[in-house]
Structure formats: structure tokens, C-alpha cells
Protein chains: 2
Amino acid sequence: MEDTRSAQLGKVTLQRLALELGLSTATVSLALRDSPVVAEITRLRVQEAARDRGYVANRSAAALRTARTNIVGVGLHDIVNPSFTELLAAIEDALSAAGKTVLLGVSQEDVARQTRTLGTLAEYRPDAFIVSPAAHTRVEDLKALAATGIAVVQVTREIEGSGFDFAGSDDRAGVALGVTHLVELGHRRIGMIGGFSAISTGRKRLAGYQAGLKAAGIPFDPALVMEGPGHREEGRRAMMRLLALEEPPTAAVSFNDLSAFGALMGLQAAGLTAGRDFSLVGYDDIAEAALWHPSLTTVHTFIPEYGRAAAQLALARMADLSRPVERVELPPRLVVRDTTSAPVPVKRRPL
Amino acid sequence: MEDTRSAQLGKVTLQRLALELGLSTATVSLALRDSPVVAEITRLRVQEAARDRGYVANRSAAALRTARTNIVGVGLHDIVNPSFTELLAAIEDALSAAGKTVLLGVSQEDVARQTRTLGTLAEYRPDAFIVSPAAHTRVEDLKALAATGIAVVQVTREIEGSGFDFAGSDDRAGVALGVTHLVELGHRRIGMIGGFSAISTGRKRLAGYQAGLKAAGIPFDPALVMEGPGHREEGRRAMMRLLALEEPPTAAVSFNDLSAFGALMGLQAAGLTAGRDFSLVGYDDIAEAALWHPSLTTVHTFIPEYGRAAAQLALARMADLSRPVERVELPPRLVVRDTTSAPVPVKRRPL
DNA sequence: CCTGCGTTCTAAATCGTTTAGCATGTGACA
DNA sequence: TGTCACATGCTAAACGATTTAGAACGCAGG
């Protein structure tokens, strides 16, 4: 009934509404947005008519006129990794509470795809971008986005020297926490699993690993660092390689929980028990970490918090493009569970 | 440099480009879109100029003119639940391959919020909606979206009688598979954990449970059905309640993997071992299922596949609004792991 | 009767693109 | 020379909203 009528009469636009009400489009537009210059009674009349006729504003038209879209482009390199899912959920939640809508782009850790995706998003003229840049992204790639006067905020990862706002966790301090914990348990030979130098988080977490060692007076041994993208499978292989070393470590920290899970599988495959034969510390504390068996000692990074922070930074910058650059770097917290313990002298149970 | 220049001269629009090239906007517009009516040489000249000047098309303007946005509104009730994350990733992937961009809305299983969110998305005039409706969504709520001539596709869940395309898994058959598996192992008293009748998947999975029992000649006992939203915590509580029954079941199927994980925790808390003292079948087979200890026997539902199917349905319907309604219902497959086994006579080890 | 003022509404320009229809130039051909 | 076809490019009118300057009106005060 309703649909048939509106289909017959064509789409209901603001002009149409104005015509039917015997008002000008100016008045209708103002009335719909609760402007004080239109009389109370007219306002109510207009809003009622809009509701009755099922009027839906056309943001393309509004955006064209106002150069504002209320869209925020969110570009992540991955959304299946639980830590990024949590991030996306937090960002979406904070933005939608502020009346913004998320236009989503996923780069799959591929700069070319990221360029294409963000380029497409840019055509929609988002008021802001929130980006976790793919590995190998250059400063210019990000600058290109901001060229049109769009606010750009980096989240989780950052491109050093880009000069954009950033929200994430203090990765250096975080991984150092994990190393210190292992040292306190008595470990001296500690490996690092996953992470690579093409992304800021990789560099910072490696730096945290080194800082932790240094604080304990333990020399850094590059042979104990297994670079990798932070997948489960890569974590498993890294653990195998660590165990195959001439002088294998008795413990390791990892780039993220996913590679730690892989490492746990590697331990299991080698007939070793985490938290007894080998100590392992994860990073991020995603929900799954507490559920493993044994449950994963890891570093909690407050992902929803910095997701919300990123949203706030974006809102602040789109309100004032020239405000000083801001960095929000939340301090992580160590969560001790069952995969860490004092090292066993040397003997290893064969099964 | 580049930014300063373009900032000085104002935004670079198609008109500006035309002016600088001494061409009409029509020609420039056509040239940029590789129309055959503009001469090869002009086309190249225009495209080069566009590249040099950093021209970024304004989709709001184009959308206004063409009534096409290349946006697809994706409304999910949750994105943190891994099965919906996988779904979102698959949908995004398929759509972006087709040149569409995802405008995201999350309803948090709340109809009011869903109405608000989808209403906002509608203002952007997406070419299509892909929706997994929140519980208690009524047919009219969805119809309202389609009123403006927008393609609507339901994914995972559906509102019966809405008459929209649908892509999901054959939930009835899926849960029946699980029940049959348990029956074949020798179980006769089988519970159902999670799911509720406010959503189609809840109803279908319950129906599958009943169908499985019926096929085995086992009478349906409502006392063995623990309704709930499909969270971990709810699964845990449901398991506690099942175990506290006068005549507790020896096995259970569950609404989804998350509630099965909760149930596993419940078993552990009760000092029971899944796959020995109690058999449990999950639903969905998310990545985490294989990693539990013991690993979860569950029903694999091909989420990325039907996510892609939903995207294809949306593309097809936006190309032809009047095509016949299509339903894609993928048959699930049982994955037997370690949480199921033949029932133990009655004796239970106290710890 | 004129002036001034506040309230409420209108006319018209504008945002950047697409597209139907028209204009122009060129060469072929009769 | 005139006609026609074709290739190419232009003109101008949309699309649906927002916004600014100002019109119309009623009313009070002198």
C-alpha cells in the first residue's frame, strides 16, 4: 500500500514534500533539522508529513552541498584476526554513537590493494580516515589521503614520520614486560617468535624484546629471533626452528597471540608441555588466550580502549584540522597464566 | 608541494580539469570513463591530466546524478562473534572484487538500534542491503528498506515470509547430523544447548534437533532444551543446568560453537571430561573449534561460501530487481573430533 | 501615515557529476 | 557545389539537498 503509493508518485524528496505542504524547500529543510527560525507549528507539520510519506534524506545531495558526509573510512589490513575484529567493533561502536557511519576497506596486507581500496573510499569523501596501514606502506601513501583535507588517524600501527594522529598500545613496554617476567622466573635464554620489521608494531615489539634483555644484562642473540607475519602456522614453524637450535631457548615471547597459539601447537607436536618444559608469553590477550590448555600467559593491550581513542581522535581532527598532532599510547599489562614457569634444569621427559 | 598547489587552487574537480584542458566537462567525464565517443588522443590527455593533478572523483555528485552509489549496506547484529567476522570478511571480499564498497552497520541484536542504523545507511542510498536481522525483527522492518527500490538480501538468518533472497546453511539438516552422530554412538538422552525461538536459526536448529531425535525414535523432552543467546557464558550455565537435572543427558548438541565452548568449560568445572564422560557437538566449526582441548566435534557450515553467495545474490538483484527470489542453502558437514564418544554406562569418576 | 522591527518564509544559487541532444568539421561521393 | 555520414565535442539540464539574502507580513510607536 505505502510502497505502491510512493512508487506511483515517484520517490519522496524534500522538494516533493515542500510541494505537498505548500512550503518552500528551504523551510522544509530547516524544519527537518529543527532550526529555530521555523515556527514550532510548521516544524511539527513538516516532520509529521515526512514521517507519513516515508521520507528518507539523500545524503549524496546533502554531502554535495555541504562537503560533509558523516562517513569515516576505516582501512584495516585484516579483519579476521580477532584483535582487529575487536578493534573494528570498538571503532564502529564509538563512531556510530557520534552519528558517523563506517565505510570499510580491507587491504589484506597488500600495499597495492590498500592503495586501490583507500582510493575508492576517498571518492566517497569521508570526513576522516582511520587506518591500520599494510606493511611497506610509505609516508606518501598516507599523505595522499590527507591531501584533500581529510583527517587521517593511524591505529595500532603507524608509519613513522607521517605526522598523523595515532592510537595504539605501547608495544615496546609491552613486550619488555613479557621478557622481564621470564627473566624473573629464571630464564636466561629467551627467543622471540613472529613479527617483522616492515611494520611499526614489529619493530617496536622487537625493540621491547631487546630492551627487556638489556635490562637483565642478557646479550641479544639474533639467532633467537624468528621473524614472521604473525600467523598460527608461522608460530608453529618458528617454534620448531627454535627447538632445533644447537642451544635452544627455554622460553620465548611472541609477536601476537596468534603466533603464540601456533607455537603452543609446535610444542605439543614436539612432545613438550608449555608452562613446564618451555615458557611462552603471548601478546594482545585476545579472548582465545584464556581458553587454551594450558592457558596463555600474555600481555593485555586494551584494544577496545584504543579503538575508541582512535575514533575520538578522528572526531577531534575533523572538527579542527589544524590541532596539534596527538598520540595515544596505552600501557599494556602482563597477564600471568599457565604457559610460564621457572625453567627445568635440562632433563626433558621423552613423552 | 603538490598539496599546497591543489590547496591554493581549490579542490580539483571535473570542471576545473575541463577548464584547464580547454574541454567541456562532458568530454572530460566521458574520457575518464573510457567512453568510445571521445578520441583516443583526447582520452589520454585527459587521463594524464587527471593523474597529474590528483583528481579524485566525487561519488556524491555522481550518485546524485545516476542514482547509483556502488555502496552495499551490510547490517549484521554482531561482528565480534568469529562466525560473523568470517562472514563479513567473505562478503567484503566478494563485493570489493565487484567494485562495490561496504557501508557497515552493527545492530547488537537490538531491533531499535537496527532500525536506526539501517535507516542511516539508507540515507546513503546503497544499491543493496545484505542483512542478518536482529532477533524480533519483523517483516515490515525489512520491507521498509526495500520500499525505495533497494535490493535486500538476507544472510545466515532470515525473516520468514519476507520474500527476500537468502543465503545461509541448511541449519535443520546440520543439527540433525549432529544428533544422528550422537545416536549412532549409542546416546539416547541428548540435550540441546543455546538458541532461541526469536531467530530463524534458533528455530531451524531446534527443528533439526527434534528431527534427529525423531529419526532415531527418541521422544522429545523439552526439559533437555536450554534456550539462550549463544554466548560462552550462557553455554556454561546451560551445561550446569543439564548436569543438575534429575536424569541428566549423556550428550548434547549446541546452537553454535561459542555456546559449546562454554559448555566445555561447564564440564571442566564439574570435573567431567568431554569426549569421555559427556559428548558434545558444536555448530559452525569456527577456527577455534579445532584448537580446544579436547578438540570440538562440530558441524561445519561453509560460512565464507554463503557469504560470497550473499554478495552474488545482492549483485544479481541490483542488476535485476524483478528476478525471481533465490535461496542458497548450503548443506553442512559433520566434523568428528574429540568431544564425542560412546556413553559410559553410569559410573563417574569423582575427580 | 510612516518607520522600524521581529518573525516566518521564499527565491535562487550552489555543490560536481552525467547524459540527451545538438553543433561542428571533415571527407567521400555524386 | 551540395549532400550525407561519421567522428568528435559541446550545451544545458538535470539530480536533491543546503544556505543566504531578502521579501512579506503584522504590529508597535511616533
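Residue numbers begin at 1 in each chain, while the letters A, B, ... track the order of the sequences.
Taking the side chain of A:V38 as heavy atoms from C-beta on, and the options D:dT18, D:dG16, C:dC9, the nearest nucleotide is C:dC9. In this structure, the nucleotide among C:dT10, C:dT19, C:dG16 sitting nearest to the side chain of B:T66 is C:dT19. When distances are taken from the side chain of A:K11 to each of C:dT17, C:dC9, D:dC15, the shortest belongs to D:dC15. The side chain of B:Q15 lies closest to C:dT17 when the candidates are D:dG16, D:dT18, C:dT17. Here the nucleotide nearest the side chain of A:L64, chosen from C:dC9, D:dA17, C:dG16, is C:dG16. Each of C:dT17, D:dG9, D:dA17 was ranked by its minimum atom distance to the side chain of A:R65; first place goes to D:dA17. Across C:dC9, D:dT18, D:dG9, the shortest atom-to-atom separation from the side chain of A:A39 is found for C:dC9.
Of the side-chain N and O atoms in B:T42, one or more sit less than 4.0 angstrom from OP1 or OP2 of D:dG9. Contact check, A:R33 against D:dT18: a side-chain N or O comes under 4.0 Å of OP1 or OP2. Using a 4.0 Å cut-off, no side-chain N or O of A:T27 falls inside it from OP1 or OP2 of C:dC9.
Residue-level contact check: B:S60 touches neither bases nor backbone, having no heavy atom under 4.0 Å from any strand. When heavy atoms are screened at a 4.0 angstrom cut-off, B:A26 is found touching base atoms of the nucleic acid.
Taking 4.0 Å as the cut-off between side-chain N and carboxylate O, B:R51 and B:E48 do not count as a salt-bridged pair.
Positionally, the nearest nucleotide of DNA chain D for B:G22 lies more toward the 5' end than for the other of B:R125 and B:G22. Residue B:E40 is the one, among B:E40 and A:Y55, whose nearest nucleotide of DNA chain D lies closer to the 5' end (criterion: closest heavy atom).
Side chains of A:R113 and B:S96: a donor-acceptor N/O pair is present below 3.5 angstrom, by distance only. Checking B:R116 against B:T120 by side-chain atom types alone, no donor-acceptor pair falls below 3.5 Å.
One distance of note links OG1 of B:T85 with CZ of A:F84; it measures 13.5 Å at 0.5 Å rounding.
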